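Since this is a predicted model, take the numbers as computed values, not measurements.
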Amino acid sequence: MQLRMRILVASYRREDVTIELYGRTDDGMSVTALYYGFKPYFDLVEPEDSIVEEMKNDPEYFRMEEKTLWYMGRNRRVVRFFINSPWKVPEYRERYKKFCPVLAADIPFHHRFIYDMDLGSCVYIEGEEERDPRYSTDLVLRISKIENTDEFNPKLKVLSIDIENAIQKEKNDEWGRIFTVGYTLKFGDKIEQGAITDDDEKRLLEEFVKKVRELDPDVIIGYNIDGYDMPVLQSRMKKLGVRFSIGRDGGVPSRVQGRFWRLHGRVISDVWWSVKKIMHPKSETLNYVAKELLGEGKDNINRLKIEEEWSNRRDDVIRYCIKDTYLTVEVFERLRVLDRNMFMSTVTRLPLDDVTNGGTSNYVDSILIRRADRLNIGVPLTANEEKEEKIPGGYVHTIVPGLYSNVVVLDFKSMYPSMIMKYNICFTTLSPEGTIVAPSGARFLDKSVREGLIPSILRDLMEKRDAVKRLMKSSTGEEREYWDGIQNAIKVLMNTFYGVMASPFYRFTNVDLGSAVTSFARDTITRLIDRLEKRGFRVIYGDTDSVFIESGAKSVKEAVELGSRLSAELSREEGVTIEFEKVMDPLFSHGAKKRYAGKIVYPEDAKGTILVRGYETRRTDSFDLQSEALARVFDLILQRDIEGAINYSKDIVRRVLRGDPSIPLEKLVISRSVKSFDSYEQESLANVRVAKKLIEMGETFVPGMKVSWIVTNSRKSPQEVEPYIDGTEFRGTPDWEYYARRIEETLNRVLESLQSEISVISKSSGQRSLDTFVEQRAEEKGQKKNVTLDSFF
DNA sequence: GCCGCGCGGGG
DNA sequence: GTGTACGCGCGGC
């Protein structure tokens, strides 16, 4: 038979070392494709004859091959040993690396297969159908021919699951018993929901396993599924003697280094993790995120008294559980997690599972190792944990406090990749004979002598991205979104190359490379700032790859014209692309690097967006009143109502200081979770003390629970705190001065240049007055102090 | 300012 | 599984 499928997961069968490719066909069938006979191997550089002899006589030995590979600046004789068992490779690696360099000996076996066959995300397969009851897919076949085919995106089966289990656990148990498992299955437009409930927990778990195999999902999702549902399911199944065999090969999930889960044939995708990466919400709870994205939150169930709820209103709990799975899948879709990962899988040429549950070094490996192999360049092992000194980063221009009008922002297109390409920065070109000299001192060969491997890869990716962008511009609707996703994935991939160059954890890492990239970048941006200043523009700010120009324009239109003109002229002069990104009006800064807030007025589609950088209000120990006050202040400033902002700030701090009874106490509550007590070295942590007090008070506390409190006396050390129990009247008195001070500190970070105006509390604590502040800033900029308040605001 | 620790989500 | 977590804020020094 023959078919086309998108590869979702790759793995291998241990018994007979057979490669398994799992996927879905263009006509919607789930497939297991098996490749027999692929052998693991590793390379030894110039091994002694005795080592070769030893290997030849090893029971694992299959065959050997002589090669010439480029390694550490020259071509070397390399012996490639093929062996029988992939899991033995680490053993030989450790044994021989004392005697000679060992290459390519830490590449997962399924990756080795994909690289060697040079497979992309979609393949055409010819083969014989097999009847193998172990596999739960629609089709199982033995591959006789496999090659790449045009990309397609089959609809995938997504199963969202959620468990409800007891908090109170029995002796010797890791977790409380599971009451129910809810699910929502989505396959295209089809949706199926349900819950598995049984008073006999063992039967419930067996039913669950059966259900998963029957539904045969490609992707299993959940909210914090990695850290909660999976470990609990695994642990309860172990206790009750149920095999957690939900893999497409009948295998069980295994945990990869305390975080991700691997399962043959299915991708396990934690939506919480995606929410963090994509959305960066203030709070990461499902309830908050769902309300934010879908306008709908979780049902009302008291999770802390789940046992009671389960016995009193079982149906409500089941509904609640199913609703969670529904909200999770809706968030998953709204954030387009699957699409994003599919795009990344397409451009990195890796299975969906590897981009969902793996580090970014995989991306670079996938592209770089294939090309290195083709060019006979040796692939070294990943360096292990030698702490390299940190590479100096990007240039950040000093910013003078103020409120600026019509600010034009230019930025370098793909700054670091551009530097790598322009200056041929690569481990293959780093050489004392190089004629390209980085400001950091490293030397690189000229392209005409040897083009670097990484620069050539980036050049190809850049060209591809430009082509994709053209396709995007000439298309509409879904097709346009598709191309936009692809071009964005290419951008991420390109930046990843610098990321691994600068990381101490990668196989091709070298500090000289990373430092060369950033030094060239600093050189380039400061040169750009000089050019602008020579033309009479005032550059007010810049960071790594961007410059902010006070345009002096009378209107947005004028600023836009200026931006376009400068971008064209400067790109020509610098030989790299400098893009006109946006216009902000106004832009506010209190004079600290990496911190500003502005209202975007161009481009049109972002018009009205408030951009806040560096003033992240999200602190784990913050309270509502604090973040509300900050948001209000930003709002007023960007309406150019500085006086209003100051008045509001003074007012709120004063109100808090005098303990205004109209302030709801909930807005002072600070929350944090608490682990089991034995995991803390210090006894004085506020959250731990609150937990202990809760127990004393006869309230529920279980490790991992979130506790809330109000600070009642911060003068004592450690500060005194009183538990806050939702629905119970708070009896203590808040330390109003503490709260007022926290709010004042927060607001002063923004209004620093005005702080003498709102020093309600600590007038004598040596804070700078506005005048001295202006003076200092002026001196820092080498300006005379003819700066007036007016020019700031 | 650096370093190491703890949190976040889930019941 | 030929592997080795993510990013941020805080407190201690």
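For Y288(A) and dG9(B), the shortest distance from a side-chain N or O to OP1 or OP2 is not below 4.0 Å. Under 4.0 angstrom from either OP1 or OP2 of dC7(B) there lies at least one side-chain N or O belonging to K675(A). Side-chain N/O atoms of R93(A) include one lying less than 4.0 angstrom from OP1 or OP2 on dG3(C). The shortest distance between the side-chain N/O atoms of R303(A) and the OP1/OP2 oxygens of dG10(B) is below 4.0 Å. The side chain of K305(A) contributes no N or O atom lying less than 4.0 Å from OP1 or OP2 of dG11(B). For N687(A) and dC7(B), the shortest distance from a side-chain N or O to OP1 or OP2 is below 4.0 Å. Residue K277(A) places none of its side-chain N or O atoms closer than 4.0 Å to OP1 or OP2 of dC8(C).
Of the C1' atoms belonging to dC7(B) and dG3(C), the separation is 25 Å, rounded to the nearest Å. Rounded to the nearest Å, the gap between the P atom of dA5(C) and that of dG11(B) is 27 Å. Look at the C1' atom in both dG10(B) and dT4(C): the space between them is 24 Å, to the nearest Å.
Cation-pi check for R236(A) over W175(A) is not met; the charged atom does not lie both under 6.0 angstrom from the ring centroid and within 45 degrees of its normal. With a 6.0 Å cutoff to the six-membered ring centre and a 45° limit on the axis angle, K692(A) counts as a cation-pi contact of F677(A). Cation-pi contact between K39(A) and F62(A): present, with separation from the ring centre below 6.0 Å and deviation from the ring axis of at most 45°.
Within 3.5 Å, no donor on the side chain of N165(A) pairs with an acceptor on the base of dG11(B), nor the reverse. Side chain K276(A) to base dG9(B): no donor-acceptor pair is found below 3.5 Å.
For the pair R370(A) and D116(A), the salt-bridge criterion is not met [side-chain N within less than 4.0 Å of a carboxylate O]. A salt bridge links E15(A) with R134(A): the distance from a Lys NZ or Arg NE/NH1/NH2 to an Asp or Glu carboxylate oxygen falls below 4.0 Å. Ion pairing between K323(A) and E296(A) holds under the 4.0 Å rule for side-chain N and carboxylate O.
Among the atoms of the strands shown, base atoms are found under 4.0 Å from some heavy atom of Y41(A). If you check every strand for non-hydrogen atoms under 4.0 Å, D162(A) touches sugar and phosphate atoms only. In this structure, K298(A) reaches the sugar-phosphate backbone alone: every heavy-atom distance under 4.0 Å involves primed, P, OP1 or OP2 atoms, never a base. Among the heavy atoms of the strands lying under 4.0 Å from P40(A) is at least one base atom, whether or not backbone atoms are also near.
Residue whose closest nucleotide on DNA chain B sits further toward the 5' end, between D324(A) and W273(A): W273(A).
Considering only side-chain atoms of R262(A), the nucleotide from dG11(B), dC7(B), dG1(C) that sits closest is dG1(C). Among dG3(C), dG11(B), dC7(B), the nucleotide with an atom closest to any side-chain atom of Y228(A) is dG11(B).
Atom-to-atom, CG of L44(A) to C1' of dT2(C) comes out at 14 Å; the value is rounded to the nearest Å.
Stem regions for DNA chain B, each three or more consecutive Watson-Crick or G-U pairs with both distances under 3.5 Å and listed by first number, read B:1-8 with C:6-13.
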